[in-house]
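First comes the structure, then the notes that go with it.
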Amino acid sequence: MNPQDLFNDIKAMKAQLDELSQRAAPVTAEQLEQVIDRPITLDAKSFAQHVLPDLKKGLPDTAAIEQAADKAASRIAQTADQAVQNFEKTTQRIPRHVRVTGDIYGFTTFYAALAYGVVLVLVVFGAWLLCDHYREQAQETVIYKQAQEVIRERDYYYNQIQDYKRNNSTYARLFPAYDDNGFWDQFNKP
């Protein structure tokens, strides 16, 4: 691994951890895992080979460079430990149980939905029966009123003919169907 990339990764991790710890909202475990879940591997010899050309000035041997690389590795390990500790502290701050308060909309169980559906069907069916009953009554009332009107008209014309026959007896023979022999009494029964 290129040591410069390693340092850049460590700086990025520190910056992300600082940003997460300064937020007002709680940090989720997934966010912390994204920051910390980077594999860090450091090979002291490859690190030394990378750093050696720049450090050759004033350094006589590679032992000092290896020592510096070991110190860098220990610092990286410390930083990783701090990151793990920060991660653990942050996960401890995340609430495990959150109370849910407020209004509940909808059905909480299948039985509540079923009961609501049954009540709705019963109300609709009852309304239909009630309307059907009143519709039949309304039709009967209209028919009854029409029948009464027809009876009134019949009685009116019958009485007019009877009056005419009484007043003009010479023309009474023209209306034999309207002779009062009890024919119309069968229709006047209550």
Side-chain angles (χ1 to χ4, degrees), residues 8-9 11-39 82-190:
N8 290 339
D9 282 349
K11 286 179 186 176
M13 284 174 62
K14 274 186 166 182
Q16 287 175 347
L17 286 173
D18 288 341
E19 179 183 304
L20 289 175
S21 66
Q22 292 175 358
R23 284 181 20 180
V27 179
T28 63
E30 294 172 359
Q31 290 173 334
L32 289 174
E33 285 182 33
Q34 287 177 354
V35 173
I36 297 175
D37 207 20
R38 296 181 183 181
Q82 284 179 348
V84 168
Q85 289 173 359
N86 286 341
F87 173 72
E88 288 173 358
K89 286 179 186 176
T90 306
T91 55
Q92 288 173 357
R93 287 189 305 193
I94 296 173
R96 299 287 181 227
H97 302 286
V98 178
R99 288 186 174 210
V100 178
T101 57
D103 296 333
I104 296 174
Y105 297 102
F107 302 112
T108 56
T109 64
F110 168 74
Y111 295 112
L114 182 63
Y116 180 77
V118 167
V119 167
L120 182 64
V121 167
L122 288 176
V123 166
V124 168
F125 184 68
W128 177 76
L129 283 177
L130 191 65
C131 288
D132 190 48
H133 173 70
Y134 281 117
R135 182 181 52 85
E136 288 175 6
Q137 280 188 345
Q139 286 176 345
E140 290 173 1
T141 303
V142 167
I143 291 171
Y144 181 73
K145 286 182 180 179
Q146 288 174 349
Q148 283 181 334
E149 193 173 319
V150 167
I151 289 171
R152 265 189 253 119
E153 285 181 20
R154 183 205 62 194
D155 289 344
Y156 172 77
Y157 289 120
Y158 175 76
N159 290 332
Q160 290 292 324
I161 290 172
Q162 292 302 321
D163 286 343
Y164 183 76
K165 282 172 66 175
R166 266 185 247 127
N167 294 338
N168 300 317
S169 58
T170 56
Y171 298 110
R173 61 180 172 72
L174 295 176
F175 303 100
Y178 295 98
D179 286 343
D180 197 4
N181 296 331
F183 175 77
W184 294 104
D185 290 339
Q186 66 182 348
F187 298 110
N188 290 332
K189 292 180 184 176

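Reckoned from all heavy atoms, side chains included, excluding hydrogens, waters and symmetry mates.
Note on Asp132 versus Arg135: salt bridge recorded, some NZ/NE/NH1/NH2 to OD/OE distance being below 4.0 Å.
Of all the heavy atoms in Met13 and Ala83, the pair that sits closest is CE-CB, 4.5 Å.
How far CG of Asn86 is from NZ of Lys14: 10.5 Å, rounded to the nearest 0.5 Å. Interatomic distance, Asn159 CG to Arg166 CZ, rounded to the nearest 0.5 Å: 7.5 Å.
With hydrogens and angles left out, the side-chain atoms of Glu153 and Tyr157 include no donor and acceptor closer than 3.5 Å.
Listed by chain and residue number, Leu130, Gln137 satisfy the side-chain contact (heavy atoms from CB on, under 4.5 Å) test with Tyr134 (two or more places apart in sequence, or in another chain). By the side-chain contact (heavy atoms from CB on, under 4.5 Å) test, Glu140 is found to be paired with no residue, residues two or more places apart in sequence or in another chain being considered.
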Evaluation steps, side chain to side chain contact (heavy atoms under 4.5 Å, CB included), between Ile151 and Gln148: CA-CA 5 Å; Ile151 289 171; Gln148 283 181 334; 5.6 Å; no
Going through the distances and angles, do Tyr164 and Gln160 end up as a side chain to side chain contact (heavy atoms under 4.5 Å, CB included)? CA-CA 6 Å; Tyr164 183 76; Gln160 290 292 324; over 6 Å; no
